[in-house]
Protein chains: 2
Amino acid sequence: MKWNDLNDESCPMARAMGVVGDRWTLLILRDAMSGIRRFDQFQENLGITRHVLAERLKKLEALGLMRREPYQDRPVRYDYRLTRAGKEFAPVMLAMTDWAARNLPHDDPAPFRFVARDTGTEIEPALTDRLTGQELTYRSVRMVPANKVR
Amino acid sequence: MKWNDLNDESCPMARAMGVVGDRWTLLILRDAMSGIRRFDQFQENLGITRHVLAERLKKLEALGLMRREPYQDRPVRYDYRLTRAGKEFAPVMLAMTDWAARNLPHDDPAPFRFVARDTGTEIEPALTDRLTGQELTYRSVRMVPANKVR
DNA sequence: TTGACATGGTTCCAAAATAGAACTTATAGT
DNA sequence: ACTATAAGTTCTATTTTGGAACCATGTCAA
């Protein structure tokens with residue numbers, strides 16, 4: 001399997017690997033969610049090389065997670081903002097952050113937290129079934145081949 | 001930042017990138033969740049080179065997501081199974097799969113689905129706050145620097 | 001007892017991705 | 001004219017991944 005063909009895989013996990021399965025993309029999205037928009041800010045904040053950053057931003061644009069937009073004329077300068085698809089990635093980030101904090105422990109505390117926008121209280125994420133409200137875990141869910149469903 | 005130092009980052013997203021931020025690891029986890037355990041099965045199913053597969057399995061073992069276990073003597077042969085930490089990654093996979101299916105569309109249907117183990121009905125995942133039950137979205141959640149929380 | 005098969009790896013070389021640093025372009029301000 | 005800003009691009013060195021062959025340890029059948 002070739003790396004660039006991942007967009008074309010029928011398995012959504014494979015396509016997801018096409019998004020986050022490289023260095024930096026996940027952290028670029030994290031920074032974007034924290035409000036960062038400009039090339040130089042991403043670069044300085046992450047310590048990524050400008051070369052790779054430019055490539056990743058192009059990729060994220062091509063995949064539809066971010067869009068490049070002029071924020072001034074003369075000289076025209078562009079920044080990068082999350083699209084709807086990019087914003088909808090937020091729950092995945094939340095779930096992943098929660099998992100990492102629990103399962104890849106570290107001496108120092110996390111440099112950020114997630115709080116409810118309205119109440120300001122810290123959040124405790126749980127993945128649930130929208131229909132039944134039940135929590136979704138490894139045990140409560142089965143992965144079945146698509147052709148066996150019906 | 002060096003790739004191997006990611007385990008040592010205080011940011012959980014950075015540590016998460018140390019897990020899934022490479023080629024193949026995400027798909028190895030997908031296959032493990034679908035029940036695959038043996039080296040050759042992973043290899044054939046994924047089309048990954050044996051070289052890289054061996055490396056990834058070692059990494060997943062070192063990170064505590066999988067463990068290597070003998071399944072027969074004479075000759076002793078080992079397979080790879082998810083640990084508790086590995087199984088707890090399932091909701092992240094679910095959320096990511098759901099996101100990819102919605103936001104990276106594809107002509108063909110996904111090769112698998114997730115169903116509730118008890119009822120057998122298809123699942124519709126939503127990330128919620130365990131305390132309030134409210135759905136967690138980009139808009140309902142804020143990311144705040146840790147030092148500003150209290 | 002020898003030769004094919006099974007299965008979890010390792011080794012070696014080529015190709016591709018990433019790191020690191022310098023350079024480019026367009027314009028404003030002094 | 002000179003300096004600063006900010007989004008990129010270009011070039012070379014290093015690291016990661018791909019591809020194929022090989023190795024280790026045993027079983028089983030002839």
Side-chain angles (χ1 to χ4, degrees), chain A residues 1-7 9 14 17-29 31-32 35-63 66-81, chain B residues 1-9 14 17-29 31-32 35-63 66-82:
Chain A
M1 190 197 305
K2 281 155 197 166
W3 188 233
N4 296 30
D5 298 348
L6 280 173
N7 303 338
E9 287 281 320
M17 187 175 80
V19 177
V20 302
D22 65 29
R23 299 182 198 201
W24 300 114
T25 296
L26 213 47
L27 298 189
I28 291 170
L29 289 172
D31 278 14
I36 287 181
R37 294 183 165 183
R38 295 207 186 159
F39 190 94
D40 278 18
Q41 287 186 309
F42 283 112
Q43 197 270 318
E44 191 174 349
N45 196 41
L46 292 171
I48 185 177
T49 67
R50 309 176 73 74
H51 182 55
V52 172
L53 176 57
E55 211 172 56
R56 292 293 185 277
L57 290 170
K58 267 177 197 155
K59 168 181 140 176
L60 285 168
E61 209 190 338
L63 289 169
M66 302 192 81
R67 65 168 175 279
R68 184 168 173 270
E69 208 154 293
Y71 65 88
Q72 69 167 38
D73 300 339
R74 302 243 258 294
V76 60
R77 291 274 153 77
Y78 299 89
D79 63 8
Y80 294 86
R81 308 179 190 191
Chain B
M1 189 197 306
K2 283 155 197 167
W3 188 234
N4 296 30
D5 298 348
L6 280 173
N7 302 338
D8 222 22
E9 287 282 319
M17 188 175 79
V19 177
V20 302
D22 65 29
R23 299 183 199 201
W24 299 115
T25 296
L26 213 48
L27 297 189
I28 290 169
L29 289 172
D31 278 13
I36 287 180
R37 294 181 166 184
R38 295 208 187 158
F39 190 93
D40 277 18
Q41 285 186 309
F42 283 113
Q43 197 269 318
E44 190 174 349
N45 197 41
L46 293 171
I48 186 178
T49 67
R50 309 176 73 74
H51 182 56
V52 172
L53 176 57
E55 212 171 55
R56 291 293 183 277
L57 289 170
K58 266 178 197 155
K59 168 182 140 177
L60 285 168
E61 210 191 337
L63 290 169
M66 302 193 81
R67 64 168 177 279
R68 184 168 174 271
E69 209 155 291
Y71 66 88
Q72 69 167 37
D73 302 339
R74 301 219 291 297
V76 60
R77 290 275 151 77
Y78 298 89
D79 62 9
Y80 293 86
R81 310 178 190 193
L82 292 167

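Just so it is clear, the values below take in all heavy atoms, side chains as well, and ignore hydrogens, waters and symmetry mates. The structure presented is a predicted model; accordingly, all values stated were derived computationally and were not measured. So that the names make sense, note that chain A is the first sequence line, chain B the second, and so on, each numbered from 1.
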Is there a side-chain contact between B/R68 and the phosphate of C/dG9, meaning an N or O under 4.0 Å from OP1 or OP2?
yes

Which nucleotide, D/dT17, C/dT18, D/dA7, lies nearest any side-chain atom of A/R56?
C/dT18

Less than 4.5 Å apart, side chain to side chain, heavy atoms only: is that true for B/V19 and B/L6?
no

Can you name the residues that form a side-chain hydrogen bond (donor to acceptor under 3.5 Å, both in side chains) with B/R56, not counting sequence neighbours?
B/D22

Between A/T49 and B/H51, who's closer to the 5' end of DNA chain C by nearest nucleotide?
B/H51

Confirm from the modelled atom types if A/R50 and C/dG20 form a donor-acceptor pair under 3.5 Å, side chain to base only.
no

Any idea which of C/dA19, D/dG18, D/dT9 is nearest the A/A54 side chain?
D/dT9

Across all chains, not counting sequence neighbours, the side chain to side chain contact (heavy atoms under 4.5 Å, CB included) partners of B/Q41 are B/I36, B/R38

Ranking C/dG8, D/dG19, C/dG20 by distance to the side chain of B/D40, first place goes to C/dG8

Sequence neighbours left out, what passes side-chain hydrogen bond (donor to acceptor under 3.5 Å, both in side chains) with B/D40? Give chain and number order.
B/R50

Could you check whether any side-chain heavy atom of B/I28 comes within less than 4.5 Å of a side-chain heavy atom of B/F42, counting everything from C-beta outward?
yes

Please give, in whole Å, the distance from D/dA24 P to B/F39 CZ?
16 Å

Sorted by chain and number, sequence neighbours left out, side-chain hydrogen bond (donor to acceptor under 3.5 Å, both in side chains) with A/R67 holds for A/E69

Is any side-chain nitrogen or oxygen of A/K58 closer than 4.0 Å to OP1 or OP2 of D/dA7?
no

Rounded to the Å, how far apart are A/L46 CG and C/dA19 P?
11 Å

Nearest-angstrom distance from the residue atom CD of B/Q41 to P of C/dT7
9 Å

Could you check how far CD of A/E69 sits from P of D/dG8, rounded to whole Å?
13 Å

By side-chain hydrogen bond (donor to acceptor under 3.5 Å, both in side chains), A/N7 pairs with (sequence neighbours left out) none

Side-chain touch B/L57/B/L53, heavy atoms, less than 4.5 angstrom:
yes

Consider the side chain of B/R38, meaning its heavy atoms from C-beta on, and name the nucleotide among D/dT10, C/dT7, D/dT17 that approaches it most closely.
C/dT7

Rounded distance (Å) that lies between atom P of C/dA21 and atom CD of A/Q43:
11 Å

Output a table of nitrogen or oxygen pairs between the protein and nucleotides 3-5 of chain C separated by less than 3.5 Å.
none

Can A/V52 and A/R23 be said to form a side chain to side chain contact (heavy atoms under 4.5 Å, CB included), step by step?
CA-CA 9 Å; A/V52 172; A/R23 299 182 198 201; over 6 Å; no

Quick check for you: among D/dT17, C/dG8, D/dT16, whose closest atom lies nearest to any side-chain atom of B/V52?
D/dT17

Could you state the CE-P distance from A/M17 to D/dT17, rounded to the nearest angstrom?
11 Å

Rounded to the nearest Å, what distance is computed from the CZ atom of residue B/F42 to the P atom of nucleotide C/dG9?
11 Å

With the threshold set at under 4.0 Å for non-hydrogen atoms, list the residues of residues 70-80 of chain A touching DNA chain D in residue-number order.
A/Y71, A/R77, A/Y78, A/Y80

When you measure from the side-chain N and O atoms of A/W24 to the phosphate of C/dA17, is any distance below 4.0 Å, counting only OP1 and OP2?
no

Test side chain to side chain contact (heavy atoms under 4.5 Å, CB included) on B/L26 and A/V20; report intermediate values, then the result.
CA-CA 9 Å; B/L26 213 48; A/V20 302; 4.1 Å; yes

Please report, rounded to the nearest Å, how far the P atom of D/dT17 is from the CG atom of B/L27.
14 Å

